[in-house]
Every structure is written in C-alpha cells, then in structure tokens.
Undergrad: 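First the structure, which I've put down as structure tokens, then a few questions once you've had a look.
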Amino acid sequence: MNQSFYDKLQILEPEERKLEEMERLKAMERPLLSWYRENARILPWRETPEPYRVWISEIMLQQTRVEAVKPYFARFMKALPGIRELASVSEDELLKLWEGLGYYSRAKNLKKAAELLVEQYGGELPASYEELKKLPGIGSYTAGAIASIAFGIPVPAVDGNVLRVISRVTGSREDILKQSVKSGMEEKLKKIMPKDAASSYNQGLIEIGAIVCVPNGAPLCGRCPLSSVCVAKAEDLTGVIPVKTPKKPRKAEDKTVLMLWREGKVAIRKREDAGLLASLYEFPNLDGHLSEETIYSLFGAKAAKVTALPGSRHIFSHVEWSMTGFRIDLSGTLEGDYLWVTPEEIKKTYSLPGAFKAYTKLIR
DNA sequence: AATTCGGGGCC
DNA sequence: GGCCCAGAATT
C-alpha cells in the first residue's frame, strides 16, 4: 500500500512528531537566508533600519498591503520625521496624514506611544521586546518585528504570512486564526531561529509569504526556497492549508446623509473618539432611510430647499452602510456641534473617511 | 475566545 | 461578490 508522507506523520507518536517538526523548521534556515539575500524587495522602510522608521512602517503595514502603505509612509516621514514631532502633532493633523489608510486607532496609538517614549524613554524606542510590547498599538508581531529588524534581537515576528508559510511547511491543519496557534508558532520559532540573523530570518519568512507562498490562488512553489522541506508541497495540500475559520457575515446598516449648506459652507462634525472611524469627521447623518417629508419635518421652515442625493453603499470589514442622502439649503442657523467649512478646508484640513466619498465628491 | 476596528486589490 | 492583507485592543 502506498502510504503518503502525511499519513506517516499521523502514525508517529506525539513526541516523535514534534521532533520531526523541529528538524523540519531548522532545515529552513540556510535556504531561507540565502534566498532572502537575493530576493528581498527594495522597500522605502528598508533603506535604513532606523527604529522610528521600522516602527511607523510596521504599524502602517498591519492588515495593510505594501503598495497601499508606500505613499503614506513617505508623506508621514516627511511631515513627522521623528518621535518628538509625532508626540506633539495635533490629532487632526495626524488623522489627516492617516486619512484613507484605515484602522485609525493605529494613528492614535502611535501618538500615545510617542508621548510615552518622550516622557519615559528619553524619546527613543527601547531595544527590548518586552518593553516594546507594552507600548500602545504594539502587540507580539510588531514588537518582534521592531526588536529583530531595528535592534537585531532574536525574537520571532509571526504575522499572517509566517502563519501561512510555517503551516504549509509543517503540514499543519490547525486553524491559524486561533491565538493559541500563533503563540505556539512563536514559541517554536523562538527556539530554532538564528541568533545572529534575526532581521533577515523574520523578513525572509514574511517575504516568502508575500511574494511566493501567497494566500489567494496557487503558491509559486517552483520559486520557493522551502519547497524541498515543505509538507504541503509534497502532499499537494497548499489548497487546504492554511486552515482558517469562516468569518461571520457583516451587519447591514441604513444611513441618511445630510449635506447642510449655508452661505457657501457645508456642515461637518467630529465623530466619537472611540468606535468606528473614531475622531474622524463626517457629514451629519441619521440612522435609517428617511423620507423627504421626514427631512422637512425635522428642519421645518429652516429648510429653504431639500434635494434628494444619489444613494451610496460602503463596505467595512464587519459592517455595510446603505446610504441615502439629501442636500438641505438652510435659511437660518442651526443648533448642534457643526463645523461650517469650505470645500477647500475639507480637502486640506479635515479627515473624512472614504465611506462618504459619494457625497464628498459632490462639493467639488 | 470572540468581536471590533478600514480600505483596497485580486480572483 | 468574497477573500485577504507585515494585527491589536477590547470585551
């Protein structure tokens, strides 16, 4: 009977299987480092591994593709070239720099961390995995990335790429979305990673995941330096590994967006400082799809004219907005925390999320 | 352990 | 139309 290698693994005793796995992981080192030396992409944050640059890039790269980060990184480094500049920037200016990049708490945590660094660390990032991990916005992956890339400290940096690559190499069918799987992989890599090449080792694993051992479609095993030690490759399991639990469906929400106009200016307001799109600006809006009659009843005689605007749909990770809108030309003043701004000010000063793009573009 | 945070490119 | 991305914080 022709028993597959994967089946053979299954009949090993747990201890034997662990040993086999560690040997397999150790076998990655030489081909991995050699491949990375020759195939590392030239990226802006790789020009010099200055801790501040590594930090900013790693935060921007959280759940965000390299190509999306590039222009933001350049603009950010020019506007805020160091920790002290970041610590003293205004929140609005910071969020304007982050506008469109998403996950806006990242930006707010950056500023918080910078303030802490100035107050408690002499304005510099600590060369310590544990100290880095205490800073807001820095979890196990980012602490490992900064520690290894900026300071050469031999700690793993396990992101989605590494989870995918290692799962395939070892033939693991464990759910990579489980925190326990991630921490388990960090423990394994910590034991076997080279002490004198942490930066290249971590970046090499990530790089393979990003450009060879890709998630969507078939991985490019023909170009992979790990193909000879890879269980998924040998057993044709790259289609089923990594295993990820399905996401739950997103919630649908109806909104009615109001473009209030008065004397050539339009009303915006600042969102709550927590939750979705925290602290960004928005056009005033109400829950539900409201009728024109309802709009008139809300604004009464102050609404000189009400015009229906096109509908729009915006998809977040976990919520979907179905928007209708009205332009309301006002004759009198209005109660409430509105900022009356010109189109130019929206463009240059205020951070409005892309969810409102269908309405933002109407004012140009 | 599960949920909440964005946005865009690709299949 | 769904998937996934150099994840972390909160509940």
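The figures that follow rest on heavy atoms only: side chains count, while hydrogens, waters and symmetry mates do not.
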Undergrad: Residues of residues 67-81 of chain A with any non-hydrogen atom less than 4.0 angstrom from an atom of DNA chain C: list those, numerically ordered, please.
TA: none

Undergrad: Assess A/Arg313 against A/Trp321: is NZ or CZ under 6.0 Å from the centre of the six-membered ring, and within 45 degrees of the ring's axis?
TA: no

Undergrad: Could you check, using the six-membered ring where one of them is a Trp, whether A/Trp45 and A/Tyr52 have ring centers closer than 6.0 angstrom?
TA: no

Undergrad: Nucleotide by nucleotide, 5' to 3', does protein get under 4.0 Å of the base (B), only the sugar-phosphate (S), or neither (-) in nucleotides 4-11 of chain C, counting heavy atoms?
TA: BBBBSS--

Undergrad: Would one find a side-chain N or O of A/His314 under 4.0 angstrom from OP1 or OP2 of B/dG7?
TA: yes

Undergrad: From CD of A/Glu320 over to P of C/dG2, roughly how many Å is that when rounded to an integer?
TA: 9 Å

Undergrad: If you find the nucleotide of DNA chain B closest to A/Ile315 and the one closest to A/Lys251, which residue's nucleotide is nearer the 5' end?
TA: A/Lys251

Undergrad: Quickly work out the A/Leu101 CG to B/dG8 P distance and round it to whole Å.
TA: 10 Å

Undergrad: Salt bridge (Lys or Arg N to Asp or Glu O under 4.0 Å): which pairs involve residues 61-79 of chain A, sequence neighbours left out?
TA: A/Glu67-A/Lys70

Undergrad: Under a 4.0 Å threshold between the charged nitrogen and the carboxylate oxygen, would A/Glu187 count as salt-bridged to A/Lys191?
TA: no

Undergrad: Any carboxylate oxygen within less than 4.0 angstrom of a Lys/Arg side-chain nitrogen, looking at A/Lys111 and A/Glu91?
TA: no

Undergrad: Would you mind telling me which of A/Lys18, A/Arg24, A/Arg17 makes a side-chain hydrogen bond (donor to acceptor under 3.5 Å, both in side chains) with A/Glu20?
TA: A/Arg24

Undergrad: In whole Å, measure the gap between the P atoms of C/dA6 and B/dT4 for me.
TA: 24 Å

Undergrad: Does the separation of the ring centres of A/His318 and A/Phe316 fall below 6.0 angstrom?
TA: no

Undergrad: Whole Å only: how far is the CZ atom of A/Arg313 from the P atom of B/dG7?
TA: 16 Å

Undergrad: Do the side chain of A/Lys96 and the main chain of A/Tyr350 share a donor and acceptor less than 3.5 angstrom apart?
TA: yes

